[in-house]
Each structure stands twice: as structure tokens, then as C-alpha cells.
Number of protein chains: 2
Amino acid sequence: MRISTKGRYALRVMLYLAEHYTLGHIAVKVIAEEESLSPKYIEQIMSKLTKAGLVIAVRGANGGYRLANSPSNYSVAQIIKVTENNEDFSPCAPAGGTPCPRYKKCISSDVWQLVQSTIEELLDNLTLTDLLRMQQDKLGTPSLYLTYLSHLNKK
Amino acid sequence: MRISTKGRYALRVMLYLAEHYTLGHIAVKVIAEEESLSPKYIEQIMSKLTKAGLVIAVRGANGGYRLANSPSNYSVAQIIKVTENNEDFSPCAPAGGTPCPRYKKCISSDVWQLVQSTIEELLDNLTLTDLLRMQQDKLGTPSLYLTYLSHLNKK
DNA sequence: AAATAATCCCAGTGCAATAGTAGGAAAAAG
DNA sequence: CTTTTTCCTACTATTGCACTGGGATTATTT
Ligand code: FES
Ligand code: FES
């Protein structure tokens, strides 16, 4: 699970759509403008999100995109998995291919699998509504956000 | 904190040195041979590890490398930080540069920081001796290793 | 002293993935 | 039938990664 701009942009877009969930569909042109991103690049990302069923596209004039479900139904992991070229991170045990010859006795590969599963677990339990709530807290009265920040600084 | 071959190879080498800790210094030629890695590439990695003080180099014939301290003093995080080009992962808040203009009101960047700190916390508490013990368990009687595996499969 | 065996240092190269650009076809609305 | 949007495919430029190579330096061995 590697994070590139594609995944990061996708999250920003999904977050934008979640913020304006009640407005119905929104055009790429608007989203890209508001988020200061390349419209054509966002188009490609929307294509992936659409094919995965995360968003619904409305073609033609006055069309655009909207979330297929309510924001609470989306985890960050879901969004990242759709946009990123997965199956990296622990190359010794590829999904379909033959594993590394020293896989049986080697322990380092287990470290990377552990990292992977840890991130997945974290992002699986982080929904768009969680993020919206954090954003509220960040701007106004902190509650959950402070808890999370303290965890972050604990490191 | 991004993981490329450089970091992965570094861990394998450090693990190898930890396994043969009592033997004194070992030449790159030997390590590369045993681990099936490019000697010249390992040389570069050793240079970083040496400059960071993680290993001690002995030049000249019959020279080589050995750990500067006992295996229990090394965390995986330490090794990775030395070898990988850090300061990626959350490009909106670079260490020395100016942060993203929307950093104050944007929440997505916090997600990536959270991922980063989670991985750091995990790898900070994982020492080379931990890994050696896991390896023992993996080959023989499982104890800690099973605990860790169950956590992994829980996802 | 000379040959040898190792680290050190720095430069260059090939490749693959990322991060976009570009152009136009299809669909829906006015 | 014109405009506005998504859709689809191809192309490109840059970047970073994963090495490769050549030689200088240092120490051992003979
Ligand atoms: S399993 Fe491939 S190097 Fe450890
Ligand atoms: S802070 Fe840069 S995009 Fe969110």
C-alpha cells in the first residue's frame, strides 16, 4: 500500500464530495478549481472511482459526480485501494506470483507484511465522516481531534 | 516513511550481521553472496549505515563490517530512517519548506501524518533481537511469532 | 616491498512509474 | 443544434530507483 498523488488527490476529492453531499452532483471543473488540481488529471481519477462504484457519474450539461452512498460508508482504505497500484510493499510474497525462495526462513518480509496490515487496519476504520468530524474539531471545539493528536505526538 | 529496496536490503544486511554478531567483521562480498544481492549496491548501503554510526567498518584485507552495538540496540525504524530518503509521505507539511496553503483547514494531510506516526511507532518498538526471536519461532516452536501472526490475520 | 583484499567515493546508466497533457467521441440539457 | 459535461485512449516529460563501473585509499599478507 503505497501513497502517491493519485491516492491523495482521490481522498481530497471524496472529502470534497462528502462535504457537499447534499448538493447533488458536482462537475470536475468545479472540484478541480476549488481544490487547485489539474482537471484532466482528476478526470482520470474519477474514472477509477466511478468504475469501482464509489461515486456516481451524471453525464451531459449540468452533470457531475456524487457519492454513491453516505459519507459514513466510505473508509480511507477503500479509496486508496481503488486508486493506487497495489500489491507492492512486500514484494517477497506477491499476490499471484511465486514467492521469494528464502521466504520460509526469512523474517524481514514479515516485517513489511506487518506494516502493511497495520496501515490497512488503521485506514479501514477511518471513514469520511470521521474526517469531517475531525475537520470540525480542527476549526472549532476540539474533542476527537485532540485525542488523535495526542496519540500522534506520543510517538 | 517510504520503503524501497534500499531500506529492505539494509534490514536484511543488519539482520545478517546480528545473526553473526559474534564472528566479528564480515566483508560485503560474503554478505552479498549469502543474501543474493548485488555487492556494489550493498556497498553504497553500507556507506550510509557506516556514516550514521550503525555499523563499524574495518578497511583493508580481511576487513569488513560489524554492528556498532548489540542487536537489541537497533530498531527497524532506525535502520529505515538512515537508508530511505525520508520527508515524503506527507508532502503538505515538509520538514524545512513552506507548508501547503490549505494546511490550516485541510484534514487529509493529517491522515498521512497519522499513517506515518503509526508506522514509526510500530517500527520503533521492533528491535533486531525481536526479529531474531521471531525467526527462531518461525523455524521451531512458535510463541511470540504466533501472537504476532494472529494480530496480522485479525485485519 | 609488492601483491592482494577490502572499504571508500563519485559518476554514470537503464528502466519503470508517476504525474500529468492532449484530443476527441459520446451523452445529456437547454 | 449548441453547449456542457463525462468518457476513453494515447502520448510525454520528469523523477526516482536500482543498479554498474572505475578507480583511490587503507590495511593485511607474503
Ligand atoms: S523473503 Fe524474500 S528476502 Fe526475505
Ligand atoms: S494540506 Fe495540502 S492538500 Fe491538504
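In what follows, chains carry the letters A, B, and so on, assigned in the order in which the sequence lines appear, proteins first and then strands, with residues in each chain numbered from 1.
Closest non-hydrogen pair, E120(A) versus A77(A), comes out as O-CB, 4.5 Å. Nearest approach of A10(B) to I79(B), heavy atoms of both residues: CB-CG2, 3.9 Å.
Of all nucleotides listed (dC9(C), dT7(C), dT5(D)), dT7(C) comes nearest to the side chain of Y65(B). Side chain of Y9(A), nearest nucleotide from dC17(D), dT29(D), dG20(C): dG20(C). Looking at the side chain of A57(B), the nearest of the listed nucleotides dC8(C), dC7(D), dA6(C) is dC8(C). In the set dT6(D), dT28(D), dC19(D), dC19(D) carries the atom at the smallest distance from any side-chain atom of S38(B). Taking only side-chain atoms of K40(B), from C-beta outward, the nucleotide of dC8(D), dG22(D), dT18(C) with the closest atom is dG22(D). The nucleotide whose nearest atom lies closest to any side-chain atom of T5(A) is, among dG22(D), dA19(C), dT29(D), dA19(C).
Within 4.0 Å of S47(A), counting heavy atoms only, lies no atom of the nucleic acid at all.
Between K29(A) atom NZ and dT6(D) atom P the separation is 10 Å, expressed in whole Å. Regarding I31(A), its CD1 atom lies at a distance of 18 Å from the P atom of dT4(D), rounded to whole Å. Across the protein-nucleic acid pair, I45(B) atom CD1 and dC9(C) atom P stand 16 Å apart, rounded to whole Å. In this entry the distance linking OH of Y41(B) with P of dG12(C) reads 19 Å, nearest Å. As rounded to whole Å, 13 Å separates atom P of dT6(D) from atom CG of L49(A). Remark: P of dC10(C) and NZ of K48(B) are 14 Å apart, rounded to the nearest angstrom. Straight-line distance from the CD1 atom of I42(A) to the C1' atom of dC7(D): 16 Å, rounded to whole Å. Distance, H25(B) NE2 to dA5(C) C1': 12 Å, rounded to whole Å.
Nearer to the 5' terminus of DNA chain D, by closest-nucleotide assignment, is the contact made by V58(A) (compared with the other of A61(B) and V58(A)).
Taking NZ of K104(B) as the start and CG of L139(A) as the end, the distance is 11.0 Å to the nearest 0.5 Å.
For dA27(D), the OP1/OP2 oxygens have no side-chain nitrogen or oxygen of N62(B) closer than 4.0 Å. A sub-4.0 Å separation between OP1 or OP2 of dA19(C) and a side-chain N or O of S4(A) is present.
Side chain Q44(B) to base dC9(C): no donor-acceptor pair is found below 3.5 Å. Residue-to-nucleotide contacts include no donor-acceptor pair under 3.5 Å from the side chain of K6(A) to the base of dG20(C). You won't find any donor-acceptor pair under 3.5 Å spanning the side chain of R59(A) and the base of dT5(D), going by distance alone.
With 3.5 Å as the limit, one finds no donor-acceptor pair spanning the side chains of S109(B) and R8(A).
Applying the 6.0 Å contact sphere to CD of E43(A) captures more than 12 heavy atoms from other residues, nucleotides or ligands.
Stacking of K81(A) on the aromatic ring of Y74(A) is not recorded, the 6.0 Å distance cut-off and the 45° axial limit not both being met.
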